[in-house]
Colleague: 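Structure below; questions to follow.
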Amino acid sequence: MKSLKKILTTAALCATLFATGCSSETSKSSTGASSSGGDKKETVSFTYWGGDFDKKRMESIRTEFNKEHPDINVKLIQIPSDGYDQKLLTSMAGGEPYDVVQVAEAFNTYAGKGTLTDLTPYMEKDGVNKDDYFKAGIDAYSYKGKVMAMPMRLGAMIMLYNKDLFDKNGIPYPTDQWTWEDFRNAAMKISNKKDGTFGVQGVGSWWANYMAYVESFGGGLMSDDHTKFTLDSPESKQALHFMQDMLYKDKVAPLSSDIPKGVDLWTSGKIGILVDGPWWILTSQANIKDFKWDVATLPKGAEFTSPLFSNAFAIPNGSKHKDAAWEVVKFWTGKEGQTVLASEHGEVPPLKSVANSNAFLYEDGQSPNLKALVNSVDHAFVPPITSKWGEINKLADTYLGPIFVENKNIDKQLKEMKPQVEQLLKEAQQAN
């Protein structure tokens, strides 16, 4: 799910796309969107990003789809994440879009410029109830009250914790009633600079990291209408001070100089609590052999919440096979496709019934506690992504990064950051 952090950077190509529009009149698409003359099957081209694991999953779902839809040929097209958006934009600008596309952070840009099909009528026609899905997953891919893409995978920031270090220091395991003070106290007890052990890892300027603390403390990066910078609110600053103190006052989190070259502190057993995303579950299962670990929700602050990670499938407006494409999207994000995803026991299926079933959850008492991940998604917030999301994240690295890396003054950094973020928010509003 790291791919969920990919940012739309092809601005020049965007301009070309939105100037030319997406034609639906092309007789044949080089992307494979049209069926061949001698084949009665309707071919649906379907693009996605990822690696071998993603390919295996997609092919497994296609196998199940073929059993129910022998009249539709799904042409899976795997595109490297680094060039994914550019490839999609090129196909749309040329009037030959793919029929189904995977989207994540770039969704608002596509939806805002009218390049995606409104799926709401299709859902209503087939009785697909959006209330059956986690609210944050639907909200993340809705635009002006219309569902423009169906969520495929969900995740949230969580705590992974080293049970051996908790046992060694006589600390009860985290519960969903934990507060940030409980979190801090546990980190203080676990930290042992002499043997290179730290209480917590996960303090930095990556959006999901600092927002996990800020939103929980009752703050935020920007106002709900995406017009004002709010990271300088008392609640937001309290969270940033909490993070900075873990590094420089309490010294329970490692600085870069504390991490030996080539060493992963978490998998080597030197971290008590890892605050990060759900991709660490599969990584931990594959690489941790010497200690016991488990998963818990983030602590409760003013809010019990966590940043949402997600991706979804959409149908470009220019697709010439929209009905068949909808059957594909409906299957992949419906019970059948989600059950295949659930069998991986990693990212959360967007359908609540599948996520809370034995298909996804391990049996009671068996690690990891995936119910904590489901609870995190159920209380997750959608990140405030705008068309200037990439530029805002660069400013976060520029101004928040030194707070954590160099112990810079928080008020000073935020004062310099604020007008630049608000200018970007203004430009985003004007573009819409």
Side-chain angles (χ1 to χ4, degrees), residues 4-22 81-90 92-93 101 103-116 118 139-146 148-149 204-211 214-215 219-233 236-237 240 307-312 314 316-317 381-403 410-432:
L4 296 185
K5 293 183 284 181
K6 51 197 291 297
I7 302 297
L8 187 64
T9 59
T10 52
L13 196 51
C14 276
T16 301
L17 166 65
F18 303 141
T20 59
C22 294
S81 58
D82 286 344
Y84 185 84
D85 286 318
Q86 184 173 1
K87 186 80 172 179
L88 259 61
L89 291 169
T90 300
M92 290 180 178
V101 298
V103 294
E105 282 93 344
F107 165 75
N108 282 333
T109 297
Y110 288 113
K113 300 301 181 181
T115 61
L116 302 180
D118 177 13
D139 288 349
Y141 298 99
S142 296
Y143 186 79
K144 294 184 177 180
K146 300 175 181 178
M148 308 298 287
S205 58
W206 173 43
W207 70 267
N209 191 276
Y210 76 82
M211 284 189 190
V214 167
E215 292 277 347
L221 171 62
M222 64 183 76
S223 58
D224 291 341
D225 62 1
H226 295 187
T227 61
K228 299 294 183 182
F229 177 85
T230 60
L231 204 54
D232 57 351
S233 70
S236 298
K237 289 197 289 186
L240 295 176
L308 180 77
F309 305 110
S310 63
N311 57 53
N317 261 338
F381 67 88
V382 179
I385 295 173
T386 75
S387 59
K388 297 295 182 178
W389 185 240
E391 291 95 324
I392 291 173
N393 281 326
K394 289 179 182 178
L395 289 176
D397 287 335
T398 299
Y399 292 101
L400 300 186
I403 291 174
I410 292 174
D411 288 333
K412 181 178 182 296
Q413 295 299 108
L414 295 178
K415 184 177 180 180
E416 295 180 12
M417 182 180 179
K418 181 174 184 173
Q420 298 182 62
V421 171
E422 291 195 336
Q423 176 60 33
L424 290 174
L425 294 178
K426 181 178 180 181
E427 293 174 6
Q429 290 289 323
Q430 291 173 341
N432 286 336

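Both backbone and side-chain heavy atoms feed into the values below; hydrogens, waters and symmetry mates do not.
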Colleague: For K388, which of L424, L395, L425 qualifies under side-chain contact (heavy atoms from CB on, under 4.5 Å)?
Modeller: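 Of the listed residues L424, L395, L425, the side-chain contact (heavy atoms from CB on, under 4.5 Å) partner of K388 is L424.
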
Colleague: A140 and L308: which non-hydrogen atoms are nearest, and at how many Å?
Modeller: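 Looking at all heavy atoms of both residues, the closest pair is CB-CD2, 4.1 Å.
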
Colleague: In Å, rounded to the nearest 0.5 Å, how long is the span from CD of E391 to OG1 of T398?
Modeller: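 The OG1 atom of T398 is 12.0 Å from CD of E391, to the nearest 0.5 Å.
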
Colleague: Where is the tightest heavy-atom contact between P316 and V101, given as atom of each residue plus distance?
Modeller: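 In this case the closest contact between P316 and V101 is CG-CG1, 3.9 Å.
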
Colleague: Between L240 and L231, is any pair of side-chain heavy atoms under 4.5 Å apart?
Modeller: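 They are in contact (side-chain heavy atoms under 4.5 Å apart), so the answer is yes.
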
Colleague: Report the residues that fulfil side-chain hydrogen bond (donor to acceptor under 3.5 Å, both in side chains) with D139, sequence neighbours left out, ordered by chain and then residue number.
Modeller: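 D139: side-chain hydrogen bond (donor to acceptor under 3.5 Å, both in side chains) contacts with K135.
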
Colleague: Quick one: list whatever passes side-chain hydrogen bond (donor to acceptor under 3.5 Å, both in side chains) with S142, sequence neighbours left out.
Modeller: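 side-chain hydrogen bond (donor to acceptor under 3.5 Å, both in side chains) list for S142, sorted by chain: empty.
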
Colleague: How many angstroms lie between atom NZ of K87 and atom OG of S81, to the nearest 0.5 angstrom?
Modeller: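 These two atoms lie 14.5 Å from each other.
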
Colleague: The criterion is side-chain hydrogen bond (donor to acceptor under 3.5 Å, both in side chains); which residues satisfy it with D225, sequence neighbours excluded?
Modeller: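 Partners of D225 by the side-chain hydrogen bond (donor to acceptor under 3.5 Å, both in side chains) criterion, ordered by chain and then number, come out as S223, T227.
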
Colleague: Decide yes or no for F309 and P383: does some side-chain heavy atom of the first lie under 4.5 Å from some side-chain heavy atom of the second?
Modeller: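 The answer is no, as the side chains (C-beta and beyond) never meet within the 4.5 Å cut-off.
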
Colleague: With sequence neighbours left out, write down each residue that passes salt bridge (charged side-chain N to carboxylate O under 4.0 Å, His left out) with K418, or none if nothing qualifies.
Modeller: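 For K418, the residues satisfying salt bridge (charged side-chain N to carboxylate O under 4.0 Å, His left out) (neighbours in sequence not counted) are D232.
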
Colleague: List the residues meeting salt bridge (charged side-chain N to carboxylate O under 4.0 Å, His left out) with E416, not counting sequence neighbours, and say none if there are none.
Modeller: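 Result, salt bridge (charged side-chain N to carboxylate O under 4.0 Å, His left out) vs E416: K412.
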
Colleague: Between the main-chain N or O of L400 and the side-chain N or O of S205, is there a donor-acceptor pair closer than 3.5 Å?
Modeller: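 The answer is no, because no donor-acceptor pair under 3.5 Å joins these two groups.
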
Colleague: Quick one: pull up CH2 in W389 and NZ in K394 and give me the separation to the nearest 0.5 Å.
Modeller: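 Atom-to-atom, W389:CH2 and K394:NZ are 14.0 Å apart.
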
Colleague: In the structure I gave you, are the side-chain heavy atoms of L221 and F229 within less than 4.5 Å of one another anywhere?
Modeller: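 In short, these two side chains touch, coming nearer than 4.5 Å.
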
Colleague: How many angstroms lie between atom CG of D85 and atom OG1 of T90, to the nearest 0.5 angstrom?
Modeller: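 The OG1 atom of T90 is 10.5 Å from CG of D85, to the nearest 0.5 Å.
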
Colleague: What's the shortest heavy-atom distance between Y210 and G204, and which atoms?
Modeller: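 Taking every non-hydrogen atom into account, CB-O, 3.7 Å.
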
Colleague: Do you know which two heavy atoms are closest between L116 and A111, and how far apart they sit?
Modeller: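 So the minimum-distance heavy-atom pair works out to CD1-N, 4.1 Å.
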
Colleague: How would you list, by chain and number, every residue that makes a salt bridge (charged side-chain N to carboxylate O under 4.0 Å, His left out) with D411, sequence neighbours excluded?
Modeller: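 Applying salt bridge (charged side-chain N to carboxylate O under 4.0 Å, His left out) to D411 gives K237.
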
Colleague: Would you name the heavy atoms of A314 and A149 that are closest together and state the gap between them?
Modeller: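 The answer is CB-CB, 3.8 Å.
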
Colleague: If the condition is ring pair (Phe, Tyr, Trp, His ring centres under 6.0 Å), which residues does F107 pass it with, not counting sequence neighbours?
Modeller: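 F107 satisfies ring pair (Phe, Tyr, Trp, His ring centres under 6.0 Å) with Y141 only.
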
Colleague: If we only count heavy atoms from C-beta on, is the M222 to I392 side-chain gap below 4.5 Å?
Modeller: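 Sidechains of I392 and M222: in contact.
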
Colleague: Once side-chain hydrogen bond (donor to acceptor under 3.5 Å, both in side chains) is applied, do any residues pair with E422, and if so which ones, sequence neighbours excluded?
Modeller: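 Here no residue qualifies.
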
Colleague: S236 and S233: side-chain donor and acceptor closer than 3.5 Å?
Modeller: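 Looking only at side-chain atoms, S233 and S236 do form a donor-acceptor pair, the distance falling under 3.5 Å.
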
Colleague: Side-chain contact test, heavy atoms from C-beta onward, threshold under 4.5 Å: evaluate it for Y110 versus N317 and give yes or no.
Modeller: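 Answer no - side chains too far apart.
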
Colleague: How far does CE of M92 sit from OG1 of T115, to the nearest 0.5 angstrom?
Modeller: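 M92 atom CE to T115 atom OG1 measures 4.5 Å (nearest 0.5 Å).
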
Colleague: The criterion is side-chain contact (heavy atoms from CB on, under 4.5 Å); which residues satisfy it with K426, sequence neighbours excluded?
Modeller: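 Partners of K426 by the side-chain contact (heavy atoms from CB on, under 4.5 Å) criterion, ordered by chain and then number, come out as Q423, Q430.
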
Colleague: Would you say the side chain of M211 lies within less than 4.5 Å of the side chain of P384, judging by non-hydrogen atoms?
Modeller: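 The answer is yes, as the side chains (C-beta and beyond) meet within the 4.5 Å cut-off.
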
Colleague: Quick one: list whatever passes salt bridge (charged side-chain N to carboxylate O under 4.0 Å, His left out) with D118, sequence neighbours left out.
Modeller: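 None.
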
